[in-house]
Amino acid sequence: MPASAALLTMAIGVNALAEEEAVLRDQALKVLGKHVFFDTALSMPKGNQACVSCHEPFAGGTSGFSDVNETTVAVPGATGGIGNRKPPTNTYASFSPPFQPTPSTECGSATSFCGGNFWDGRSQGHPPVTDGTQPTATAAPHLGAEVFYDIENAAILAFDQYRGPTSDQALNPMPNPVEQNISREDVCKTVQASTYSQLYELAWGQEINCSWETAYGTESYFDISFKRLMLAVGAYQHSDDINSFTSKRDIALRSELACDGESFPEHYNSSFCKKLEKSGKEPGTFPLLQLTDEENFGHDLFYGLSFTPGPGANCFICHSNGGFGDDGTELLQTYSDHGYHNIGTPLNPQIPNGPDTGLNRHTSTLDSADGFFKTPPIRNVAKGAKSNFTKAYTHNGYFKSVETIVHFYNTRDAKVRCETIPELEGVELTAEVALANDCWPAPEFPDTAAPFIIGNLGLTQEEEAALVAYIKTLEDQHTAKTPVLVKAKSFNASPIVYLFASENWSNEICELGASADGVQPVSVTTPKNCIQFNDLLDVLGESYWLK
C-alpha cells in the first residue's frame, strides 16, 4: 500500500475508507454510463447514433429532431431504418418499478399491471415469470446477476441496486438493426479504444475484456463487459443529471419548506420567508407563492375530479405516484402511476410502419390489451417545445403540443368524429386536420379506450390554458451536457485529462497531462501529481450533478 494510502487509512479508519470507496465507485459507474449514453461511436456506421439521439436532454429526454416529431415520429436508426413508436422520455423513467400485477404500493392507482420500461413494459426488470401470473411472450432481455460473477468487492456489488427495468431497456437499442445497429462485441471494443475507457476500470476494478472466451455460463467476456456497460447506462439514468427535480414547481415547493430554517438551506431566502409568514399559509401547500394564479389554478384542476362539484380534469388518477392520496406536494412526485392505459389516441397515419405491417405496433406486453401503453411521467413534457421546435406526444406521436393533447383529453368524446365529415374522406386525419375541422378521429383501439375519466370534461378554454400552465411548471431547469471526453473523440484532439488508477484507486487518482502543444500526451505519475477523484470530476466538468 502506498504511504499516502496508509496515512489515509490511519486517519479516517477502515470503515470510512470502505464508505469512501463505495461512493467513488458509484460515481465512476455513473460517469461511465453517461459517456456511453452520449457516445455516437457506439453505432454502425460509427458516429450516426447514440442513446442520446432518441433521448435528448434539451427536449426533455425524448426525440430532439423537430422534423421527425412533426412527421414520422420514430427516430431513424444508424442505417436509416425506422421503428414504429415515438421514443419515450428517459427522465424519471428509473422510478418505474419492475413489471408486476396490481394493486401495488409502488404503482399508485394503476390497475391490471404496472412497472417495467418501454411503452409496452417489455423490459420488465426481472426474468420472465412462468407461473402464469404475468405475460411473458414479448418480454425483452434481462440483465441478471451474472455481471457480478467474479466480483467480491462490496463497493462494486452495491451496483446491484441499478439492475431493473431501466438497465434492461439499455440492453436493446445498440444491437437493434433499426436503432444503433452495433454488436455487443463491437460496443465492447469501441469503449475499450475510447478516450474514457479508464472509467470502466475505475468503476469495475478491472480492465474491460472483449475476448470471445467463455467467462460465465454461456456468456463470453465481451457479453459480460457489454452488460456491465449497460448497467452503467442504467445507473446514470438513476442520477441527478437525468432526474434533477429542478422545475419551477420543485423550487417553489422547496423554497417554502426552507423557511423552517433547516430544510433545503440552498433555497432559504429571509425576505421570501417573511412574505410567506405574512401570508398565513402553511409552507409547502398549494397555492404556492412562487407560482402564478393561473399555474396554481391549473394545479387545482390537475388534482380535481370532473364527476364532483367544481371543475376538474382527473389528471392525477393516472399521473401521480400515490393515486388518490396525492395532492401535488410530494417532493419526489414523478407524475406517473407506472400503469397501462388506453386514452383513445387516434391512429397516426404518418408513421411509416403502419397498422398492416405486423410490427407489434398495436399490442403491448399485456395479453389481450391492444392499445394499452405505459403512463409516462409528465415532468419535462413541454421542455424544449418552441415555435421553431415541435415535440410529439403519446406512443405514436399523434399530438404535436401540450395544448393539443390537453384539448383532446377534454373533448375526445364531445366532438364529432372526423370520419363522418364528407369533406375529409380520403384525407390523412392528422391532429392538424382534426383541429382545423373541430373533430377527432376514432380511437385506434376503440374497444379498450378509457371511458368517462377523459373525453368530455367540460373544461373551458381558460381552464385548459391553466392546466397547460401548471404542466409547464414541471420543466427541469437543469439540462445534462455532453461529456468532454466524448466531445474530444480521440486522444490527440485537444489538451485533455487522461485517467489513471493506481492499485488503490479509491485513495488517489493520478492525472495524465498533455504536452504544451496538446498533441502528444505525457504521463505524469509521480505521487506529487496525484489528485482526488472528485477533483478529476471537476476537471471533466461532471461534478455539478454528482452527489
Side-chain angles (χ1 to χ4, degrees), residues 36-57 59 61-90 93 116-123 137-141 143 166-191 222-223 226-227 229-230 233 237 345 347-365 373-374 376 389-398 400 428 430 444 486:
V36 173
F37 183 87
F38 277 86
D39 193 356
T40 58
L42 297 174
S43 65
M44 193 64 67
K46 292 185 181 296
N48 279 13
Q49 195 177 55
C51 303
V52 73
S53 301
C54 292
H55 304 288
E56 277 283 3
T62 186
S63 167
F65 301 98
S66 182
D67 56 339
V68 172
N69 297 338
E70 291 172 359
T71 54
T72 55
V73 177
V75 175
T79 61
I82 298 178
N84 50 358
R85 290 180 186 158
K86 181 192 84 78
T89 180
N90 73 319
N117 217 314
F118 284 122
W119 284 110
D120 57 13
R122 66 186 185 275
S123 283
T138 57
L143 194 156
T166 306
S167 294
D168 281 5
Q169 185 276 334
L171 293 172
N172 294 270
M174 291 188 188
N176 190 333
V178 298
E179 294 187 76
Q180 289 171 254
N181 189 45
I182 182 171
S183 69
R184 291 182 172 194
E185 181 187 14
D186 285 336
V187 169
C188 185
K189 290 181 176 179
T190 301
V191 172
F222 75 73
D223 283 322
F226 172 81
K227 289 186 176 182
L229 291 170
M230 297 308 103
V233 172
Q237 292 180 96
T345 303
L347 182 147
N348 185 352
Q350 294 184 297
I351 294 181
N353 295 322
D356 299 324
T357 60
L359 291 177
N360 197 35
R361 188 162 75 91
H362 286 183
T363 59
S364 72
T365 298
F373 294 96
K374 194 167 186 290
F389 183 83
T390 299
K391 294 188 68 174
Y393 300 91
T394 68
H395 70 282
N396 67 6
Y398 182 82
K400 308 302 182 184
E428 287 192 344
T430 63
E444 186 173 9
V486 170

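For clarity, every value in this text was computed on a predicted model and none was experimentally measured.
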- Relative to each other, are the rings of His395 and Trp119 parallel, tilted or perpendicular (30° and 60° limits)? perpendicular
- Does a donor on one side chain sit under 3.5 Å from an acceptor on the other, for Ser43 and Asn48? no
- On a heavy-atom basis, the closest approach of Val68 and Pro76 is CG2-CD, 4.0 Å
- Minimum heavy-atom separation for Val73 to Ile351, with atom names? CB-CG1, 4.4 Å
- Taking every heavy atom of Thr394 against every heavy atom of Lys86, the minimum-distance pair comes out as O-CE, 3.3 Å
- Task: Go through the structure and list residues passing ring-ring contact (aromatic ring centres under 6.0 Å, His included) with Tyr398, not counting sequence neighbours.
- Result: none
- Side-chain contact, heavy-atom cut-off 4.5 Å: Glu444 with Asn396? yes
- Task: Say whether, by atom type as modelled, one donor and one acceptor occur between the side chain of Lys400 and the main chain of Thr390 under 3.5 angstrom.
- Result: no
- Query: Does the side chain of Pro57 come within less than 4.5 Å of Phe38's, by heavy atoms?
  - Reply: yes
- Query: What are the two closest heavy atoms between Leu42 and Ile182, and how far apart are they?
  - Reply: O-CG2, 3.4 Å
- Item | With Phe226 via ring-ring contact (aromatic ring centres under 6.0 Å, His included) - residues at least two apart | none
- Smallest separation among heavy atoms of Ala140 and Ser123, with atom names: CB-OG, 3.8 Å
- Message: Using side-chain contact (heavy atoms from CB on, under 4.5 Å), reason through Met174 and Met230 one step at a time and then give a plain yes or no.
- Response: CA-CA 10 Å; Met174 291 188 188; Met230 297 308 103; 3.8 Å; yes
- Note on the structure: On a heavy-atom basis, the closest approach of Asp186 and Thr190 is O-OG1, 2.6 Å
- Task: Give the intermediate values and the outcome of side-chain contact (heavy atoms from CB on, under 4.5 Å) for residues Phe37 and Gln237.
- Result: CA-CA 9 Å; Phe37 183 87; Gln237 292 180 96; 4.1 Å; yes
- Measure the spacing between OG1 of Thr79 and CD of Gln49 and express it to the nearest 0.5 Å. 9.0 Å
- Item | Partners passing salt bridge (Lys or Arg N to Asp or Glu O under 4.0 Å) against Asp223 (at least two apart in sequence or in another chain) | Arg184
